[in-house]
Amino acid sequence: MERTDMSVESWMELSDALAATVKKAQASVVRVDGRRRGSSSGVVWSADGTVVTASHGLEWDDELEVGLPSGDTAAAEVVGRDPSTDLAVLRVKGSGFVAPEWSDAALEVGQLLLSVTRPGRGPKAGLGLVSRLGDAWRTAGGGKVDRYVELDLGLHPGFSGGLLVDLSGRGLGLATAGLARGTPLAVPAATLRRVVKAVLAHGGVRRGYLGVASMPVRLPGALEKETGQRSGLLLTAVEDDSPAGRAGLQVGDLLLALDGSAVGHMGDLLPLLEEERIGDLAKARIVRGGAVQEVQLTIGARGGRREGRSP
């Protein structure tokens, strides 16, 4: 391929285009003062003052202040959080809020993007690229993120909660360093849309739950041969007033499957407890006293304004 060197004019045009993109994007980025040391960023979600930010950047929910693109500050309150996807939704008092245009276009490794944050009074921009992509994944907290998007971007104070845009200024997602041990990731627009909708409706993301604590264990040889599974979930606690408790599940039971889907570790169980399963009848296959049996239960709801941790 013949190499064509860019002229000075071409570089200047690119520079001006990047500056214009940042100027457009920074109108949708706010500073969020919700922790003792430093600030995080937030992105305007809608013109009514709804802002989405990184949950781990909020150390408290009361007396929040947000720094606006105009340089003014405004009071804000937390509508709700979903720590499992590191997202929080704020309601900011004021007017003139400008939301970005969001894009669900497919990303490619090596694609250039811009991060626009507001660690202080003014915006801060960074130019990076998509360094790694993967399928939908679950965070350590059990939250579902629609795409794994790792970024080649430098971390700095105020990075989390910032806006990620393509070179045309369309929003690609929210920047966070709180989901994978300081690795810069993007929470894609599809995930933002789903989580913000749930938080505005319920104060959080509702998920199905059984009301148990468990640990994975290896099945004895005879059970492995009988069930065709190598492992199951040993119930170490059962809440009394919970779907599992009302169905008669007990500490010491070994959970093998839910509605025919084998569960060998917690990562197998969480996808079976999505919000759409709330209220469904389900058959739990368990081992009690060495015998395999089935117990019917109704999947409950957890999350929203009644937070809980056990599945």
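Small disclaimer: the values here were computed from a predicted structure and weren't measured.
- With hydrogens and angles disregarded, a donor-acceptor distance shorter than 3.5 Å links the side chain of Gln229 to the backbone of Leu256.
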Item to check | Candidate pair Leu151 and Leu164, rule side-chain contact (heavy atoms from CB on, under 4.5 Å), full reasoning | outcome: CA-CA 10 Å; Leu151 309 171; Leu164 300 166; 3.6 Å; yes

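- Salt bridge status for Glu274 with Arg207: absent, with no side-chain N to carboxylate O gap under 4.0 Å.
- Taking the charged nitrogens against the carboxylate oxygens, Arg288 and Asp253 do have a contact shorter than 4.0 Å, which makes a salt bridge.
- A salt bridge between Arg132 and Asp152 is absent, with no side-chain N of the basic residue lying under 4.0 Å from a carboxylate O of the acidic one.
- Glu77 has no carboxylate O lying under 4.0 Å from a charged side-chain N of Arg91, or vice versa, which leaves the two without a salt bridge.
- Under a hydrophobic clustering in which Ile, Leu, Val, Met, Phe, Trp and Tyr are joined whenever their side-chain heavy atoms come within less than 4.5 Å, directly or via other members, Leu270 and Leu235 fall into the same cluster.
- A donor-acceptor pair is defined here as one N or O able to donate and one able to accept, closer than 3.5 Å; no such pair exists between the side chain of Ser103 and the backbone of Gly171.
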Item to check | side chain to side chain donor-acceptor pair (under 3.5 Å) evaluation trace for His156 with Thr117 | outcome: CA-CA 10 Å; His156 60 264; Thr117 61; 3.0 Å; yes

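- In the hydrophobic clustering of ILVMFWY residues, with side-chain heavy atoms under 4.5 Å counting as a link, Leu107 and Leu192 come out apart.
- Within 6.0 Å of the CG atom in Asp135, the count of heavy atoms belonging to other residues, nucleotides or ligands does not exceed 12.
- Salt bridge Asp146/Lys144: absent, no basic N to carboxylate O contact under 4.0 Å.
- Here the closest non-hydrogen pair linking Arg277 and Asp259 is NH2-OD2, 2.7 Å.
- Going from atom CZ of Phe159 over to atom OG of Ser115 covers 6.0 Å, rounded to the nearest 0.5 Å.
- Residue pairs satisfying the side chain to side chain donor-acceptor pair (under 3.5 Å) criterion with at least one member in residues 17-27, sequence neighbours excluded, are listed as follows: Gln26-Arg118.
- Going from atom OG of Ser231 over to atom NE2 of His265 covers 7.0 Å, rounded to the nearest 0.5 Å.
- Hydrophobic clustering, with ILVMFWY side chains joined whenever heavy atoms are under 4.5 angstrom apart, keeps Leu163 apart from Val44.
- By the criterion of side-chain heavy atoms lying less than 4.5 angstrom apart, applied directly or through intervening Ile, Leu, Val, Met, Phe, Trp or Tyr residues, Val116 is not grouped with Val66; the two fall into different hydrophobic clusters.
- Atom CH2 of Trp11 is surrounded by 12 or fewer heavy atoms from other residues, nucleotides or ligands within 6.0 Å.
- For the side-chain hydrogen bond (donor to acceptor under 3.5 Å, both in side chains) test, no residue two or more places apart in sequence or in another chain qualifies with Glu276.
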